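All of these numbers come straight from a predicted model, not from anything done at the bench. Order of listing sets the numbers, starting from 1, for every ligand and every atom in it.
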Amino acid sequence: MPGLFITFEGPDGSGKSTQVELLAQALAGRNPLVVREPGGTELGERIRELLLHRPEGMSAEAEMYLFMAARAELLETRIKPALAEGRVVIDDRYHDSTLAYQGGGRGVAAAWPAHFPKPDLTILLALPAQEGIGRHGRSGKSLDRLDAESLEFHEAVAKTYDRLAEREPERFLRLDATADPAEIHREVMRRVGQLL
Ligand code: TMP
């Protein structure tokens with residue numbers, strides 16, 4: 001039995017991690033695999049450190065391939081095996097993040113590699129860029145290299161996410177991230193219930 005691959009997308013401050021946790025708790029009886037990107041493997045966590053905290057930065061294209069390298073390792077060692085066992089996989093960010101941040105934000109020619117499986121469902125927690133930056137500031141969380149980018153960058157990311165959701169309406173569930181978290185979770189569960 002093939003598993004179910006669910007990804008969450010959206011800007012920082014969109015409440016993505018809260019929704020990942022709520023869904024993981026709701027599906028706890030099914031023993032879901034819950035991962036976040038970049039990361040989820042030893043190699044991926046080392047790449048994460050480079051990507052998010054390297055003071056010297058890096059070229060936009062190198063950045064894109066490092067996100068994808070971390071993803072390739074996670075896919076091969078954890079996500080694909082879990083899906084093959086019929087498990088639910090919940091991934092906090094996946095390749096749509098690369099299309100939005102490196103493609104939309106940085107302007108790199110980003111595409112979807114044929115061997116990266118498409119999620120069965122992608123939940124986009126949509127939030128205007130200005131609001132995301134404000135929420136992040138109020139949260140007291142330290143800024144990583146991408147969070148610290150300009151408003152213009154974050155606006156391009158949000159616009160690209162919207163375009164991706166419009167292009168694949170069957171895969172995406174786009175929800176207003178400013179809504180009540182409990183209401184967002186109910187919407188997520190409604191859609192996940194249809195897929196299970
Ligand atoms: P996080 O804050 O959700 O853990 O994500 C880490 C940061 O990495 C966030 O600013 C978005 C960024 N990112 C990309 O730019 N491209 C990607 O492919 C991924 C997975 C994350």
> At under 4.0 Å between heavy atoms, which part of L51 makes contact with ligand 1: side chain, backbone, both or neither?
Replying inline: neither
> Tell me, which protein residue and heavy-atom name are nearest atom 17 (C) of ligand 1, and how many Å apart are they?
Replying inline: F67 CD2, 3.3 Å
>> Any heavy atom of K16 closer to ligand 1 than 4.0 angstrom?
In response: yes
> Does one hydrophobic cluster hold both V35 and V188, with members joined at side-chain heavy-atom distances below 4.5 Å?
Replying inline: no
> Could R93 and F8 be counted as a cation-pi pair, given that NZ or CZ must be under 6.0 Å from the ring centre and within 45° of the axis?
Replying inline: no
> Which is it for R36 and ligand 1 at heavy atoms under 4.0 Å: side chain, backbone, both or neither?
Replying inline: neither
>> Less than 6.0 angstrom separating the ring centers of F67 and Y101, yes or no?
In response: no
> Against heavy atoms of L146, which atoms of ligand 1 measure under 4.0 Å?
Replying inline: 8 (O), 10 (O), 12 (C), 15 (O)
> To which protein heavy atom is atom 20 (C) of ligand 1 closest, and what is the distance rounded to 0.1 Å?
Replying inline: R71 NH2, 3.4 Å
> Heavy-atom distance under 4.5 Å between the side chains of R145 and H53, does that happen here?
Replying inline: no
> In this structure, are over 12 heavy atoms from other groups packed under 6.0 Å from R54 atom CZ?
Replying inline: yes
> Starting from atom 18 (O) of ligand 1, which protein heavy atom do you reach first, and at what distance in Å?
Replying inline: T98 OG1, 2.6 Å
> So which heavy atom in the protein is nearest atom 4 (O) of ligand 1, and how far is it from that ligand atom?
Replying inline: R48 NH2, 3.0 Å
> Nearest 0.5 Å, what's the CD-CE distance between Q194 and M189?
Replying inline: 11.5 Å
> Mind checking whether L4 and L196 have side chains closer than 4.5 Å, heavy atoms only?
Replying inline: yes
> So which protein heavy atom does atom 5 (O) of ligand 1 come closest to, and at what separation?
Replying inline: R93 NE, 3.1 Å
> For ligand 1, which atoms sit closer than 4.0 Å to a heavy atom of Q102?
Replying inline: 14 (C), 15 (O), 16 (N), 17 (C), 18 (O)
>> Among L52, D96, D12, which one puts a heavy atom closest to atom 9 (C) of ligand 1?
In response: D12
>> I want to check something: taking the side chain as every heavy atom from C-beta on, are L99 and Y161 in contact at a cut-off of under 4.5 Å?
In response: no
>> Could you tell me, atom by atom, which parts of ligand 1 come under 4.0 Å of a heavy atom of D147?
In response: 10 (O)
